[in-house]
Amino acid sequence: MKSSIYGISFFFLFCIFPLVSGQLASKQSNTMITVSHQLANSSWNVEKEQNPCLWEGVTCNAPHNDSILSLSLSGFGLSNSSFLPLLCQINSLQSLDFSSNLFNSIPVEFFNSCGEIDGLKSLNFSKNMLVGSLPTFQKFVGLESLDLSFNSLNGSMDSQLNGLSALKSLNLSFNHFTGSVPSRLGKSRVLEQLELSMNRFTGEIASEIGEHGNLIKIDLSGNHLNGIIPESFVNLTKLETLILSSNQLHGAIPAGLLGITTLQRFSANQNNFVDLPSTNPSMSLKILDLSYNKITGRILPQLLLGSNLQTVDLSYNMLTGPIPVTISSSLVRLRLGSNYLSGPIPSTSFVSLPSLTYLELDNNSFTGTIPPQIGSNRKLALLNLAQNKLNGTLPDELLNLTQLEVLKLQLNKLSGEIPNQIGRLNMLSVLNISWNSLNGIIPPSISNCGKLISLNLQNNGLTGLIPDAIGNLKFLLELQLGENKLHGRIPDMPQKLQISLNLSFNNFDGPIPKTLSGLNDLEVLDLSNNSFSGTIPDFLVTLSSLSQLVLSNNQLYGVLPQFKPHVSVYINGNPQLHRPQDNPPVLSKKRKSVGVTIVIAFAAAVLAVEVVAIVFLLISRRLSKVNEEQLQSLEVLSPPRVIQANMLTANGGP
């Protein structure tokens, strides 16, 4: 008896089952072939490969390859979505990815048919061109991930998601949805990720969202939400990421929010919050961004102490007081710019922070000197201390920051000389020490900063020559040396200068040098307020990208060459320099008019002698008539002149 049972089992397992599975594979294969004919896609070509499991974006169950588990047509450039319902015949599907195509609609039949696939867990239509309202997903009871981001869907969210009881991830970001954020996100109690950023949602954040206890990520940024952060969010004990940026939220940040032990990122920048959280952040917090709010008061010391803290951005608020003395050694980025912070920069705060890469303390009221200890943070790539009240010299320790790419110290009260070894900072792309009280020369070693794009040393008291090696800065786009005391020969300039070359308010003299003739990419050239002399060289006319030329207040003379119409040229303060349309009074005509006047006057005198007997009144009238003719003669022979767009007549008034 047992042998007969084993025989039946053997027969079913090795004979009947392959037939059944072969039929299933054949049906799915036929469906795929039909779809491939509609797609006309080279990667789905039955003539090249008969087995659809080997086509691009197709995943089958291994090792039998008798059923298709997932299809990814991402980036296929598809625009016609009429084939989509055909794919719903493949009832073994678990994942469908149609992202990065050109679909503007999804057929209704797709939702009716694919909603009946029990095993379908993931559906992705992101980065298409879908329009209209949110489709209804009531039949997709097993769906765990839905991504419709980066489309143009609009309207409100009502009951369209009610059927998604198994949903774990919902991404509808970068659309045009309006109305309020739904308080009940379908019937799912297992939701882990909610991404609704960059839409047009209004109203308050529903407190019911805080009842989804499995939430790991919430992103509601870039909407028009107002009101407060719900207190219920404190109960989200699994929350790792909370992004509420770019809304109109206000009020107090819930006291226990930063204390959620799993929270790693909290970004609520660009809102209207006025207070910092009063509780200690959890040790898991890595990113805290509350920039662009209206936060007042002092920075609490515990806010910068988290052992895993990497980024703190409190810039563009109204914070006052000093920087806390102790800062987490794990910090990578610290942004405190554009506040009302004051006092000295604590030297102990910035001693050997091994990970610190970006330090921005600009636009505050810090006083005292730049702490030499900042030079111990060898990974610094950006240091911005601009627009404070710092004084003293540039510490030599800054030259230890050999990874520095951006150094901004402008608008302070710094004095002394630029360190001779500034060239050690050879990774710099931006150096701005303008609007200080520096003196001495521009160190020739600055030419070793071969990656410089922008160099701004204007409005100091620098003297001497521009180093000849300045031309070695092959990537320099902007050079600002105005308002110093530089003089002497102007060397060859970097040929890629594009934004601006400013040499104004210095002591340069002599002709405008030919070393400027190769700056074909330059847009703005300012040579004003020097002592340049001679005529305007023709090579300035040939600078093809030039849009603004400032030559004011020099000793130039002659006629301005004819520049292209789009070039604005400023020449005021050069008395002997005029534009081509300026017509100075012609001297020969003036002399002729004066000669005529003399002849007429002489004739009148002779006539007066010969007619002594004529009554004195007649003589007076005749002389009066002669004077009127003389004035008329002067106006005819001296035509109006155009000087700096004003009409100048013989009467002397514009």
Legend entry - Atom of F103, atom of N80 and distance for their closest heavy-atom approach: CE2-O, 3.6 Å
Inset, instruction - Using only heavy-atom distances, determine whether the side chains of E478 and S454 contain a donor-acceptor pair under 3.5 Å. - result: yes
Inset, instruction - I would like to know whether I499 and V524 meet side chain to side chain contact (heavy atoms under 4.5 Å, CB included); could you show each step before the answer? - result: CA-CA 6 Å; I499 299 172; V524 177; over 6 Å; no
Inset, instruction - Report yes or no: does N400 contribute a side-chain atom to a donor-acceptor pair with the main-chain N or O of R378 at less than 3.5 Å? - result: no
Legend entry - Nearest-0.5 Å distance that lies between atom OG in S365 and atom CG in L390: 10.0 Å
Legend entry - Side-chain (S81) to main-chain (S105) donor-acceptor, under 3.5 angstrom: yes
Legend entry - M129 atom CE, neighbour heavy-atom count above 12 within 6.0 Å: no
Inset, instruction - Report yes if some heavy atom in the side chain of L359 is under 4.5 Å from a heavy atom in the side chain of L353; otherwise report no. - result: no
Legend entry - Worked check of side chain to side chain contact (heavy atoms under 4.5 Å, CB included) between L215 and I209: CA-CA 9 Å; L215 275 170; I209 293 177; 3.9 Å; yes
Legend entry - Spacing of L314 atom CG and E360 atom CD [to the nearest 0.5 Å]: 12.0 Å
Legend entry - Sub-4.5 Å side-chain heavy-atom contact between L146 and F140: no
Inset, instruction - Check the side chains of S284 and S282 for a donor-acceptor pair under 3.5 angstrom, ignoring hydrogens and angles. - result: yes
Inset, instruction - Measure the spacing between OG of S67 and CD of Q28 and express it to the nearest 0.5 Å. - result: 5.5 Å
Inset, instruction - Mark yes or no for whether S92, through its side chain, and I68, through its backbone, hold a donor-acceptor pair below 3.5 Å. - result: yes
Legend entry - Donor-acceptor contact present, side-chain D275 to main-chain G251, <3.5 Å: no
Legend entry - Student check: side-chain heavy atoms of R265 and E240 closer than 4.5 Å: no
Inset, instruction - Would you mind reporting whether S330 and L309 have side-chain heavy atoms less than 4.5 Å apart? - result: yes
Legend entry - Candidates R189, K238, E192, K168 - the one meeting side-chain hydrogen bond (donor to acceptor under 3.5 Å, both in side chains) with N214: K238
Legend entry - Minimum-distance pair of heavy atoms, taken over all atoms of P230 and P254: O-CG, 4.0 Å
Legend entry - Side chain to side chain, I370 and N412, heavy atoms closer than 4.5 Å: no
Inset, instruction - Could you please spell out the steps behind the side chain to side chain contact (heavy atoms under 4.5 Å, CB included) verdict for F366 and I323? - result: CA-CA 10 Å; F366 292 119; I323 298 176; 3.5 Å; yes
Legend entry - Check: L194 and H212 side chains under 4.5 Å, non-hydrogen atoms: no
Inset, instruction - Kindly compute the distance separating CG (N271) from CD1 (I253), expressed to the nearest 0.5 Å. - result: 9.0 Å
Legend entry - Main-chain N/O of V325 paired with S349 side-chain donor or acceptor, under 3.5 Å: yes
Inset, instruction - Check N377 against L401 and note the closest heavy-atom contact, atom names and distance. - result: O-CD2, 3.2 Å
Inset, instruction - Check for a donor-acceptor pair, side chain of D97 on one end and backbone N or O of S99 on the other, with a separation under 3.5 Å. - result: yes
Legend entry - is_close_aromatic(F266, F233), centroid dist under 6.0 Å: no
Inset, instruction - State which residue, out of S246, S245, S315, fulfils the side-chain hydrogen bond (donor to acceptor under 3.5 Å, both in side chains) condition with N269. - result: S245
Inset, instruction - State the CG-CG distance between N171 and N124, to the nearest 0.5 angstrom. - result: 8.5 Å
Legend entry - Residue pair N104 / N128, side-chain donor-acceptor N/O under 3.5 Å: no
Legend entry - Nearest heavy atoms of L361 and F350, plus distance in Å: CD1-CZ, 4.3 Å
Inset, instruction - Working to the nearest 0.5 Å, report the span between CG of L336 and OG of S291. - result: 11.0 Å
Legend entry - Verdict with reasoning, S82 to Q38, per side chain to side chain contact (heavy atoms under 4.5 Å, CB included): CA-CA 9 Å; S82 60; Q38 291 196 25; 4.2 Å; yes
Inset, instruction - Taking T357 for its side chain and A381 for its backbone only, find out whether a donor-acceptor pair lies under 3.5 Å. - result: no
Inset, instruction - Give a yes or no on whether the backbone of Q458 and the side-chain of N456 come within a donor-acceptor separation of less than 3.5 Å. - result: yes
Legend entry - Test item: N226 and N247 side chains (from C-beta on) under 4.5 Å apart, heavy atoms: no
Legend entry - Heavy-atom donor-acceptor pair, N317 side chain to N293 backbone, under 3.5 Å: yes
Inset, instruction - Give me the one residue out of L276, L319, L303 that meets side chain to side chain contact (heavy atoms under 4.5 Å, CB included) with L290. - result: L276
Inset, instruction - Check the surroundings of atom CH2 in W435: do more than 12 heavy atoms from other residues, nucleotides or ligands lie under 6.0 Å from it? - result: no
Inset, instruction - Report the relative orientation of the aromatic rings in Y316 and Y292; use parallel for angles under 30°, tilted for 30 to 60°, perpendicular for over 60°. - result: parallel
Inset, instruction - Give the minimum heavy-atom separation between L93 and L87, together with the two atoms involved. - result: CD1-O, 3.4 Å
Inset, instruction - Take N61 and D66 through the side-chain hydrogen bond (donor to acceptor under 3.5 Å, both in side chains) test and state the conclusion after the steps. - result: CA-CA 7 Å; N61 65 327; D66 55 5; 2.9 Å; yes
Inset, instruction - Step through the shown structure and confirm whether more than 12 heavy atoms of other residues, nucleotides or ligands are within 6.0 Å of CZ on F83. - result: yes
Inset, instruction - Taking N436 for its side chain and S434 for its backbone only, find out whether a donor-acceptor pair lies under 3.5 Å. - result: yes
Legend entry - Donor on one side chain, acceptor on other, S221 and D219, under 3.5 Å: yes
Legend entry - L404 side chain near L428 side chain, heavy-atom distance below 4.5 Å: yes
Inset, instruction - Quick one: closest heavy-atom pair of N151 and F125, and the distance? - result: ND2-O, 3.1 Å
Inset, instruction - Ignoring hydrogens and angles, state whether a donor on the side chain of S95 or S70 is under 3.5 Å from an acceptor on the partner side chain. - result: no
Inset, instruction - Classify the side-chain pair D289/S267 by whether it contains a donor and acceptor separated by less than 3.5 Å. - result: no
